There are 2 protein chains.
Amino acid sequence: MTGIGITSNQRGRNVAEGLATAIHEHRLSPGMKLNEDEVGEIFGVSRTIVRSALQTLSHAQLVVIEPNRGAFVARPSIREAREVFEARALLETRTAHSAATRATTEDIALLKRHIDEEHWAFDAGETGRALRLSGDFHIEIARIANQATIAAFVRQLVARSSLIIALYWRRRQATCESHAHHALLKALEAHEADRAKELMTSHLVDLLSLLDLTEPTDAPASLKEAFRLP
Amino acid sequence: MTGIGITSNQRGRNVAEGLATAIHEHRLSPGMKLNEDEVGEIFGVSRTIVRSALQTLSHAQLVVIEPNRGAFVARPSIREAREVFEARALLETRTAHSAATRATTEDIALLKRHIDEEHWAFDAGETGRALRLSGDFHIEIARIANQATIAAFVRQLVARSSLIIALYWRRRQATCESHAHHALLKALEAHEADRAKELMTSHLVDLLSLLDLTEPTDAPASLKEAFRLP
DNA sequence: GAGGCGAAAATCGTATACAATCTGGGAATA
DNA sequence: TATTCCCAGATTGTATACGATTTTCGCCTC
């Protein structure tokens, strides 16, 4: 469920989702060049489709397209990083509040499974997948809140957060994530809307505070190895 | 300043802006078919560019692309209408608050000119242009708030509001707009952040309450006459 | 060895050709 | 007359060709 905006173009959408998932799982790093021919070869489509996918990703701000130079995985600035988390705090306090009042037992069960899966992935050392799942947890809450418009924004912000984390996350303590998520789940389950709201705020503030917002240094790896091709 | 997301594609961007402005000014109505060849002929570009522009607009949710059927100006549902205004209330209370604390005298002067222009357009019977300008007022406030991320969302929501108004606005009393804007301006000028916040909220609630949220009936007109071609 | 120059290679931007799909209307049938 | 079927025309989906621009890299000069 690596949600990207609506593309009629089914094949383009597939390529966009493939690239987006790779970004979420940190197999593609910020700044990496996305060569049109190369991407086309990997997904078995022509450049027409690739361009459509890259345009989609650029609208989601996961990719930056430089005229006549090509597409690159975005490298959010420090400023952008703060803004994204501020916007998330604004939107997700709302989704958390609303989700707490609306969550059904099925919703809660789903979220529980989600957290478990996140835990397994983390314990199995699949940090990329764990990271993506932890983002999906937030997206799931937005979905439960039943506000498609806000949910779409949250999806985009979560996706961008993944890039921000790739760039600025230096300490290694990913466990705190799932503790916060667990607390949030409890509040949702008990329909304690105000508590959910506050837990969400502090969770996001926490995340931001754990970032090392100084100039990043980065050496983009190769595109092909992100998709395990020779 | 009919802002649309970043397309590297300069020509595609121009077409997207042209179409978006036409939508904002209600020259293109919800549901209207946007034939690729026809749009291409109007703007003097090939279908490649048109498709890129349509994709851009579909990401902004101004256009809906139905696979193998083509692109249509979006027809937001009643549900969507409420959601858009709710999201606007959430985001724009923030931008209003922030803008009130940050607005410089130049910002205020700019906003004043904006309101004046809106008035002139309205008095001159150019309701389309007046409508677009009144949306731009909100976008300008978001810009002053100096939060690019939130501002981008507001831009998108304002654009969608224009479609919602086209579909659901039936009573004719567009003057209230500029009164509310004037009051808002005063609060911004006096740096009364909380007051600006509340004025913005009530302004948006007002707007929503003036809509006739019942099933719309609409007969899309022709594409060419929107651009005054024979 | 550093720096500048220029041609070749790589890559992107756009138009266009052709295939796939949809649409509308008329003929055949009940 | 109403309904179904089918085909021609229109329209979108995708690949590819070609021009424009950028990048690379060998070569020359200092």
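In the text below, chain A, chain B and the rest are named by the order of the sequence lines, each starting its count at 1. Since the model is a prediction, treat every value here as computed from it, not as a measurement.
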Please determine if a side-chain N or O atom of B/Arg47 lies less than 4.0 Å away from the OP1 or OP2 oxygen of C/dC18. no
Would you check if the side chain of A/Glu83 reaches a backbone N or O of B/Ala148 as a donor-acceptor pair within less than 3.5 Å? yes
Between B/Thr48 and B/Ala71, which is nearer to the 5' end of DNA chain D once each is assigned its nearest nucleotide? B/Ala71
Does B/Asn68 have a side-chain nitrogen or oxygen under 4.0 Å from the phosphate oxygens OP1 or OP2 of D/dT12? no
A/Glu66 CD - C/dT11 P separation (whole Å): 16 Å
Short side-chain N/O contact to C/dA10 OP1/OP2 from A/Lys33, under 4.0 Å: no
Return no unless some side-chain N or O of A/Ser46 is found under 4.0 Å from OP1 or OP2 of D/dA15. yes
For C/dC12, does either OP1 or OP2 sit under 4.0 Å from a side-chain N or O belonging to A/Arg69? no
Separation of C/dA15 C1' from B/Phe43 CZ (nearest whole Å): 18 Å
Between P on C/dA9 and CG on A/Asn35, what's the gap in Å once rounded to a whole number? 18 Å
For A/Asn14 and D/dT14, give me the distance from atom CG to atom C1', rounded to whole Å. 15 Å
Could you tell me which non-hydrogen atom of B/Pro76 sits nearest to which non-hydrogen atom of B/Leu163, and how far apart they are? CG-CB, 3.8 Å
Rounding to an integer number of Å, can you tell me how far B/Gln55 CD sits from C/dT14 P? 14 Å
With the side chain defined as heavy atoms from C-beta on, A/Ile49 is closest, among D/dT12, C/dT16, D/dA15, to D/dA15
Is the phosphate of C/dT14 approached by B/Asn9 (side-chain N or O, under 4.0 Å from OP1 or OP2)? yes
Taken to the nearest whole Å, CD1/B/Ile65 to P/C/dC22 is 16 Å
B/Arg94 and B/Ile150 have their tightest heavy-atom pair at CG-CD1, 4.2 Å
Could you tell me the separation between the CD atom of B/Glu38 and the C1' atom of D/dT12, rounded to a whole number of Å? 14 Å
Tell me if a side-chain donor or acceptor on B/Asp136 pairs with a main-chain N or O of B/Leu133 at a distance below 3.5 Å. no
In plain terms, say whether B/Lys112 and B/Asp116 are close enough for a salt bridge, that is, a side-chain N and a carboxylate O under 4.0 Å apart. no
Rounded to the nearest angstrom, tell me the gap between atom CD in A/Gln10 and atom P in C/dA20. 18 Å
